[in-house]
2 protein chains.
Amino acid sequence: MKDIRLSVIELLKEGNCTPRISKLAAKLHSHATTVHYNIKQLEKDGTVVAYKAVFDYKKIGEGFCSYVLINLTSDEYGDPERIARELAKHPSVESVDIITGEWEMLVKVRSQSIEQYYELARTLLSIKGIGRTHTLNSLKQLKTEFVPIK
Amino acid sequence: MKDIRLSVIELLKEGNCTPRISKLAAKLHSHATTVHYNIKQLEKDGTVVAYKAVFDYKKIGEGFCSYVLINLTSDEYGDPERIARELAKHPSVESVDIITGEWEMLVKVRSQSIEQYYELARTLLSIKGIGRTHTLNSLKQLKTEFVPIK
DNA sequence: GTTATTTTTTGAATATTATTCATAAAACTT
DNA sequence: AAGTTTTATGAATAATATTCAAAAAATAAC
């Protein structure tokens, strides 16, 4: 893929979009200025965190999606968030949750293929404090990020 | 919350945003028309599926996040996608994946509280063909939809 | 390797759309 | 009910996206 497109994709993945105020106003049979005012309020009070793009991940080399369940080693139970924040930094990581049950953490990761996932997992899961892991691979995505796929 | 804000949130959750071309151009030290051209290409070939907002879900009454692992009943193994599509329709469902391993499906759901999750689960998981389920509740989100939280 | 063809970039002109602002209306407070 | 804050509105402006024709670059064909 072209260099500029790759950069554009990276930027759109995390933000750099904006609401279509006049289109929203039309859909809601409301005035653009009213919608504008309310959206600015939502932004100001932190309700809206970002405006971003959702992709057909197969087309951007992230078609292979995995959910990784993680157990922490006993010495890291005190501060699971340190590891979570560490994992969250990685651009291939879509989400990080600290969860209830047998596993302490659930991380959603996107990569190109099972081979690339293996490489990624080696670096990602070698963080000190990560114990046992169990990976669930997605065979098919029907919806992501509230957006239906195809 | 105000009525118009609720509607705005619903619309922004699934789309109704647009890239900030001139801001992207500035960041990339490129021309707005060049960025425009390339983004239109990405839209045309289906690389970009939607432009949407990401929220502080606590603030929109969806602070309780669950991951539901699902087993299908044996008579539905032939068409797991029917059920997946059914689940994907629901606005509280953020994602639906058909996965490898002991469970056939992983569904990410957002609701207000554990009580509301119970109500939701009752309707959602009563779909014919869904067998055993196991729910992992998120205690804390560090990242969602590629966007770091707080 | 040169020519032809397609794709991408560019800058100027235009069209859209967001934003600002002053005022009015509505919703809460006391 | 009077005062105060929040929200809605329309007109004016600013900012931004979009269109277009032309040039440059990249790719394919010979």
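The chains referred to below are lettered A, B, ... by the order of the sequence lines, with proteins before strands, and numbering in each begins at 1.
Residue H36(B) places at least one side-chain N or O closer than 4.0 Å to OP1 or OP2 of dT18(D). A sub-4.0 Å separation between OP1 or OP2 of dT9(C) and a side-chain N or O of N38(B) is present.
Between the CD atom of Q41(B) and the C1' atom of dT18(D) there is a distance of 15 Å, given to the nearest Å. Put simply, NZ on K23(A) is 12 Å from C1' on dA15(C), counting in whole angstrom units. A straight line from NE2 of H29(B) to P of dT9(C) spans 16 Å, rounded to a whole angstrom. Atom pair Y37(A):OH and dT9(D):P shows a separation of 13 Å (rounding to whole Å applied). Distance CD1 (I4(A)) to P (dA25(D)): 15 Å, rounded to an integer number of Å. Distance, K40(A) NZ to dT9(D) P: 18 Å, rounded to whole Å. Look at CZ on R5(B): it is 7 Å from P on dA8(D), rounded to the nearest Å. Rounded to whole Å, atom C1' of dT17(C) lies 16 Å from atom NZ of K27(A).
For residues 13-24 of chain A, the salt bridge (charged side-chain N to carboxylate O under 4.0 Å, His left out) pairs, not counting sequence neighbours, are E10(A)-K13(A), K13(A)-E62(A). Sorted by first and then second residue, the salt bridge (charged side-chain N to carboxylate O under 4.0 Å, His left out) pairs involving residues 36-47 of chain B (not counting sequence neighbours) are K40(B)-E43(B). Under the salt bridge (charged side-chain N to carboxylate O under 4.0 Å, His left out) criterion, no residue pair touches residues 130-139 of chain A, with sequence neighbours excluded.
K27(B) has its side chain within reach of N16(A): a pair of non-hydrogen atoms, C-beta onward, lies under 4.5 Å apart.
A salt bridge links E81(A) with K140(B): at least one charged nitrogen is closer than 4.0 Å to a carboxylate oxygen.
Residues satisfying the side-chain contact (heavy atoms from CB on, under 4.5 Å) criterion with S111(A), sequence neighbours excluded, are F64(A), Q116(A), Y117(A), L120(A).
Among the nucleotides dT10(C), dA18(C), dT9(D), the one closest to any side-chain atom of T34(B) is dT10(C).
Under a 4.5 Å side-chain heavy-atom cut-off, the cluster of Ile, Leu, Val, Met, Phe, Trp and Tyr residues that includes L69(B) is completed by Y67(A), L69(A), I99(A), W103(A), L106(A), L136(A), Y67(B), I99(B), W103(B), L106(B), L136(B).
Applying a 4.0 Å cut-off to non-hydrogen atoms, none of the residues of residues 13-22 of chain B approaches DNA chain C.
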